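One structure is given below, encoded as structure tokens.
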Amino acid sequence: MVDALRETHRVLAPGGVLVDARPDSRVVARVERPTGSRFQRYGLVETNRLTLKDDRMSDVAIAHAKRERLFKSRRRGRFWHLVPFESLAELRDYLWDHLRFARRARWSVDAATRRRHAADRFVIRRAIRYEVLSAIKATVPSTARAASDPRMQ
Amino acid sequence: MIDVGTCVPIYSSNSSSLRPRPLDELRAWGGTRLIRGRKVLDVGCGDGRFAVGLAPLAASVDGIDPDPEAIRIARRNARAAGIRNIHFEVGAAQQLPYADDTFDVVILSWSL
């Protein structure tokens with residue numbers, strides 16, 4: 001990953017910008033049922049262990065690239081991404097197929113409530129993190145610039 | 001760090017989409033001025049969904065992905081969208097086939 005960041009730095013022009021954006025596995029995703037303009041929480045969806053490990057390695061790679069002074073952070077934050085589903089069954093199928101998440105939600109409502117609303121629309125609300133970084137490009141030292149500038153000689 | 005509880009939610013365009021729409025994601029990062037008129041590289045572009053979404057704003061967009069099948073689909077998607085300022089290539093992020101100082105913006109969208 002650090003190799004990829006070094007390559008990214010190489011192809012960026014001076015003053016260039018790198019954007020790193022990915023799901024934020026530090027924030028547990030939620031299963032919610034839209035009710036008018038609000039959302040009722042039905043459960044949580046954990047990120048699977050391998051993905052957590054991968055995400056941590058990505059964080060370490062970015063930190064390493066900053067330590068190497070390849071990039072400096074300009075701005076970072078998070079936003080919510082809502083993945084909508086037509087029913088609870090569709091949501092369950094999604095979890096079963098999706099590699100990032102654990103295969104089953106941790107429900108915070110009882111089975112009877114879930115059955116009652118099984119045909120309703122649901123969403124998975126998950127956090128996406130992003131960071132905008134500036135490439136730090138080595139500049140010619142002022143003494144070297146002066147030596148190569150005929151006006152300064 | 002922003003408190004996620006105060007962030008505006010972004011919906012996927014449909015239930016099969018795992019990702020926010022490109023322009024929604026771009027707005028969350030700080031707005032379209034980030035790429036407007038710039039030379040952009042999308043590393044790990046996959047089927048080009050994101051690159052194709054950004055191309056109308058950027059001066060040019062290059063996409064690179066190690067999966068040849070994904071690049072084939074990306075090229076097809078770009079043709080179908082009638083976008084000309086886009087170019088896709090098969091390759092790895094560890095060895096980018098571009099000259100030094102080529103791009104104004106590099107995007108690692110869900111690919112690091």
Side-chain angles (χ1 to χ4, degrees), chain A residues 1-24 26-27 32 39 54-55 57-59 61-62 65 74-87 90-91 94 98 100 121-133 135 137, chain B residues 1-22 24-31 33-36 38-44 50 54 58-59 62 64 66 91-112:
Chain A
M1 286 177 188
V2 177
D3 289 348
L5 290 171
R6 287 193 190 112
E7 271 294 89
T8 298
H9 179 264
R10 181 182 66 75
V11 301
L12 269 172
V17 167
L18 169 68
V19 182
D20 168 38
R22 51 202 152 89
D24 191 342
R26 291 168 294 189
V27 180
E32 295 178 344
F39 292 86
D54 280 350
D55 288 350
M57 284 170 66
S58 301
D59 292 341
I62 289 285
R74 271 172 51 168
R75 187 169 61 250
R76 61 183 178 167
R78 295 185 194 134
F79 60 90
W80 287 118
H81 175 219
L82 272 57
V83 188
F85 300 92
E86 291 299 319
S87 67
E90 192 182 289
L91 185 148
Y94 171 85
H98 200 53
R100 167 165 278 275
R121 291 183 172 194
F122 281 83
V123 299
I124 290 180
R125 178 191 290 266
R126 62 175 174 180
I128 311 295
R129 63 172 293 285
Y130 70 88
E131 185 164 10
V132 180
L133 304 115
K137 292 274 180 171
Chain B
M1 188 67 76
I2 291 172
D3 173 14
V4 289
T6 65
C7 291
V8 177
I10 292 174
Y11 277 96
S12 295
S13 53
N14 57 60
S15 61
S16 67
S17 173
L18 308 180
R19 301 270 304 268
R21 286 182 290 247
D24 288 341
E25 199 162 352
L26 189 61
R27 272 183 216 111
W29 299 345
R33 67 178 186 278
L34 195 65
I35 63 152
R36 195 175 289 280
R38 315 251 179 186
K39 291 183 76 175
V40 178
L41 172 64
D42 182 4
V43 176
F50 198 74
L54 300 184
D62 283 69
I64 187 162
Q94 291 82 356
Q95 209 168 2
L96 295 172
Y98 308 106
D100 295 0
D101 304 344
T102 303
F103 298 99
D104 302 308
V105 180
V106 174
I107 294 172
L108 296 167
S109 178
W110 304 40
S111 56
L112 188 64

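Order of the sequence lines fixes the chain letters, A, B, ..., with proteins taken first and strands second; residue numbering starts at 1 for each chain. In this text the structure is predicted, and so the values were computed from the model without any measurement. For the numbers below, each heavy atom of this structure counts, side chains included, while hydrogens, waters and symmetry mates do not.
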Open item on the list: Run A/V11 and B/V106 through side chain to side chain contact (heavy atoms under 4.5 Å, CB included) and show every step you take.
Closed with: CA-CA 9 Å; A/V11 301; B/V106 174; 4.1 Å; yes
Open item on the list: Need one label for A/I124: side chain, backbone, both or neither, based on atoms under 4.5 Å from any heavy atom in chain B.
Closed with: neither
TODO: Verify, without hydrogens or angle tests, whether A/R22 (side chain) and B/S111 (backbone) share a donor-acceptor contact under 3.5 angstrom.
DONE: no
- [ ] Under 4.5 Å, counting heavy-atom pairs only, tell me which of A/E7, A/R6, A/M1 racks up the most with chain B.
- [x] A/E7
Open item on the list: Please enumerate all residues that pass side chain to side chain contact (heavy atoms under 4.5 Å, CB included) together with B/P66, with sequence neighbours excluded.
Closed with: none
- [ ] Over all heavy atoms of both residues, which pair between A/R75 and B/G30 is shortest? Give the atoms and the distance, please.
- [x] NH2-CA, 3.6 Å
Task: Contact origin within B/L41 toward chain A - heavy atom pairs under 4.5 Å - done: side chain
- [ ] State, to 0.1 Å, how close A/V132 and B/W29 come at their nearest heavy-atom pair, and which atoms those are.
- [x] CG2-O, 3.9 Å
Open item on the list: Looking at every non-hydrogen atom in both residues, tell me the closest pair between B/A28 and A/F79 and how far apart they are.
Closed with: CB-CD2, 3.3 Å
Open item on the list: Between B/F103 and A/T8, is there a side-chain heavy-atom distance shorter than 4.5 Å?
Closed with: no
Task: Where B/D104 and A/A13 come nearest, the two heavy atoms and their spacing - done: OD1-CB, 4.4 Å
Task: Carboxylate-amine/guanidinium proximity below 4.0 Å for B/D101 and A/R10 - done: no
